[in-house]
2 protein chains.
Amino acid sequence: MGFGVVHGDGDPKLLEHGVVKTRSTEPMPERLLQLFNGLNQVIVDHAPDVMAVEQLFFARNVTNALAVGQARGVVLLAGAQHGIPVFEYKPSEVKLAVAGHGAADKQQVQSMVQLILSLDAIPHPDDAADALAVAICHVYSSRLGRIASRQ
Amino acid sequence: MGFGVVHGDGDPKLLEHGVVKTRSTEPMPERLLQLFNGLNQVIVDHAPDVMAVEQLFFARNVTNALAVGQARGVVLLAGAQHGIPVFEYKPSEVKLAVAGHGAADKQQVQSMVQLILSLDAIPHPDDAADALAVAICHVYSSRLGRIASRQ
């Protein structure tokens, strides 16, 4: 599972990105525990104010959706245990916020992530770059939200 | 979410049954936390040797499967955190083990749960009775497994 941590006051700044890996040979409960522990470490390291996750519509079938849902449940639980509000964004919202249009392709989104965070290269692996795009989306969306609420 | 706790040496004996309730008006992360905390309380109270859950095939659509998967992920995580092995049984396996045939209806299964546990009435609510059926299925299946492995 990819993750990205950004500082969101002013221009987004990269703090950390990476993936929490689990061993596919392990039983599912053990893999979920590895995921939970890895994500908790990121939360403890950075004490984020908010979490943002992608809303999932892509699940190809019911079996896949169950598996993805299991991992997602562990992610949402980690946020709730630390009292961190969790925001959700549709893939099209992420693309719109980061690349300027909701049908942007993966390469365009990743290039914009690199540009926005002033990085020398596109963040790797892809899952981490995708997670950073969601984080940037939240920074931009919440900023617009704050401005709008002043009107 | 229904749960049932049985003592499985010899004839299964009922220790506790019930449901962990969550408030449908709460955000999903908060509901998953309520589920996790409630299940952890049951685990701490009884220190079970094993957990048994039903394998899910019923999810009506992808959205439903995602939601069910999220709750299930939290359940599997709770088992893994306590080092408790989690066994899975198909609904047909539960029906076969408890009621004698894999196409038994809900009423037959619940009546057999009552009979096997020597209860005055069918356990309520339905979700708790269903959970007890899965627990009984594991007791019977693991007993057969032990016998078979001696051959």
Side-chain angles (χ1 to χ4, degrees), chain A residues 1 20 22-43 48-91 134 138, chain B residues 1 20-41 43 48-91 134 138:
Chain A
M1 183 194 67
V20 179
T22 70
R23 288 182 288 275
S24 60
T25 53
E26 300 258 8
M28 183 55 71
E30 184 56 36
R31 296 182 70 188
L32 292 170
L33 181 59
Q34 291 164 8
L35 182 62
F36 185 70
N37 290 344
L39 182 59
N40 268 326
Q41 189 60 55
V42 176
I43 291 174
D49 296 316
V50 299
M51 285 171 54
V53 299
E54 206 170 51
Q55 263 184 18
L56 294 161
F57 296 109
F58 70 86
R60 290 180 296 276
N61 55 49
V62 166
T63 303
N64 184 252
L66 270 171
V68 171
Q70 287 180 173
R72 184 183 173 76
V74 164
V75 170
L76 299 183
L77 175 70
Q81 274 195 327
H82 288 87
I84 305 169
V86 183
F87 292 80
E88 293 190 316
Y89 295 96
K90 296 174 189 167
V134 179
H138 176 74
Chain B
M1 183 194 67
V20 178
K21 290 185 180 173
T22 70
R23 288 182 290 276
S24 61
T25 52
E26 301 258 8
M28 182 57 70
E30 183 58 34
R31 296 182 69 187
L32 292 170
L33 181 59
Q34 291 165 10
L35 182 61
F36 186 70
N37 289 343
L39 182 59
N40 268 327
Q41 189 59 56
I43 291 174
D49 296 317
V50 298
M51 284 170 54
V53 298
E54 206 170 49
Q55 264 184 17
L56 294 161
F57 295 109
F58 70 86
R60 290 181 295 277
N61 55 50
V62 166
T63 302
N64 185 251
L66 270 172
V68 171
Q70 287 180 174
R72 184 184 173 77
V74 164
V75 170
L76 299 183
L77 175 69
Q81 273 195 328
H82 288 87
I84 305 169
V86 183
F87 293 79
E88 294 190 315
Y89 296 95
K90 295 175 190 168
V134 178
H138 176 74

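Values reported hereafter were calculated over all heavy atoms of this structure, with side chains retained and with hydrogens, waters and symmetry mates removed. Throughout, protein chains are lettered first and strands after them, A, B, ... in sequence-line order, and every chain is numbered starting at 1.
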For chain A, find its close neighbours in residues 26-34 of chain B: heavy-atom separation under 4.5 Å, sorted by number, or none.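 Result: B/Met28, B/Pro29, B/Glu30, B/Leu32, B/Leu33.
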Please give me the minimum heavy-atom distance between [X] and [Y], naming the atom from each residue.
{"X": "A/Pro48", "Y": "A/Ile43", "value": "CD-O, 3.5 Å"}
{"X": "B/Met1", "Y": "B/Val75", "value": "SD-CG2, 3.4 Å"}
{"X": "B/Leu77", "Y": "A/Leu77", "value": "CD2-CD2, 3.5 Å"}
{"X": "B/Val86", "Y": "B/Gly79", "value": "CG2-CA, 4.3 Å"}

So, does A/Arg72 use its side chain to make a donor-acceptor pair with the main chain of A/Gln55 at under 3.5 Å?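 Not confirmed, A/Arg72 side chain does not pair with A/Gln55 backbone.
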B/Val53/B/Val134 under side chain to side chain contact (heavy atoms under 4.5 Å, CB included): CA gap, chis, key distance, verdict: CA-CA 7 Å; B/Val53 298; B/Val134 178; 5.7 Å; no
